[in-house]
Amino acid sequence: MPALAMLSYWKPAAIALAIAGLFIYRAVLVHQRNAAQAQVASMTAQVADLKSAEAACEAAVARQNAAVAAMKSAADSAAAAAQTRQANVAADAVASASAEERRAAAIEAAPIASDCAGAIRWGNAQAQELGRW
């Protein structure tokens, strides 16, 4: 009979089990909520760290881009200066060559006397010009 007596209390036992189940379910939910909140806090901190790292990276990229732009500008101005120098040297060489051609033509066309004394007089007259050679 004791088993039958226990069966008569099935309703209070079922209610006690249901209440215990609710407490266990609530404990599991609270634990999951707390774990989720902790994970959110951790991820928020990671996002903040990543944002600061990203900002540092962007600043480094901006510095590198500025340095590359400065080097490109310096290289462009050096190339332009070299081209200008080359053009100036070429122009000076052409001018010098044409001036020397004119002088040589003038010397070739100059009347030189056929006798020795006339050649010496001509040479003395041209001494300044011939001394530059």
Side-chain angles (χ1 to χ4, degrees):
M1 269 313 194
L4 287 177
M6 292 296 278
L7 285 177
S8 64
Y9 295 114
W10 71 272
K11 286 183 184 180
I15 292 173
L17 283 175
I19 291 173
L22 286 175
F23 282 129
I24 291 171
Y25 182 70
R26 183 183 179 279
V28 168
L29 287 180
V30 167
H31 172 72
Q32 287 179 346
R33 181 200 64 197
N34 291 344
Q37 286 174 342
Q39 188 178 13
V40 165
S42 171
M43 287 182 175
T44 302
Q46 287 177 353
V47 166
D49 289 344
L50 289 174
K51 283 185 179 179
S52 68
E54 180 185 15
C57 253
E58 287 175 355
V61 166
R63 282 192 308 272
Q64 291 299 323
N65 285 344
V68 167
M71 286 192 298
K72 184 183 181 314
S73 174
D76 289 346
S77 59
Q83 286 177 345
T84 302
R85 281 192 305 273
Q86 184 178 4
N88 290 342
V89 166
D92 289 345
V94 167
S96 293
S98 64
E100 294 304 320
E101 272 184 33
R102 285 192 304 276
R103 287 185 194 138
I107 290 172
E108 285 178 1
I112 302 175
S114 60
D115 64 336
C116 192
I120 291 173
R121 278 193 304 276
W122 179 86
N124 288 337
Q126 299 294 321
Q128 247 185 349
E129 183 67 29
L130 294 174
R132 291 185 193 162
W133 290 15

Would you find a donor on one side and an acceptor on the other, under 3.5 Å apart, between the side chain of S73 and the backbone of A69?
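Flag not set: sc S73 to bb A69 has no pair under 3.5 Å.
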Judged by atom type as modelled, is there a donor-acceptor pair below 3.5 Å linking the side chain of S98 to the main-chain atoms of A95?
yes
Using 0.5 Å steps for rounding, measure from the [atom1] atom of [X] to the [atom2] atom of [Y].
X: I15; Y: K11; atom1: CD1; atom2: NZ; answer: 8.5 Å
X: I120; Y: D115; atom1: CD1; atom2: CG; answer: 9.0 Å
X: Q39; Y: T44; atom1: CD; atom2: OG1; answer: 10.5 Å
X: Q37; Y: S42; atom1: CD; atom2: OG; answer: 13.5 Å
X: S96; Y: E101; atom1: OG; atom2: CD; answer: 11.5 Å

How about CD on Q86, more than 12 heavy atoms from neighbouring residues, nucleotides or ligands closer than 6.0 Å, or not?
no
Atom CZ of residue position R26 - does it have more than 12 heavy atoms of other residues, nucleotides or ligands inside 6.0 Å?
no
Do V30 and L22 belong to the same hydrophobic cluster, where Ile, Leu, Val, Met, Phe, Trp and Tyr are linked whenever their side-chain heavy atoms lie under 4.5 Å apart, directly or via other members?
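Shared cluster, no.
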Please determine whether a side-chain nitrogen of the Lys or Arg among E54 and K51 lies less than 4.0 Å from a carboxylate oxygen of the Asp or Glu.
no
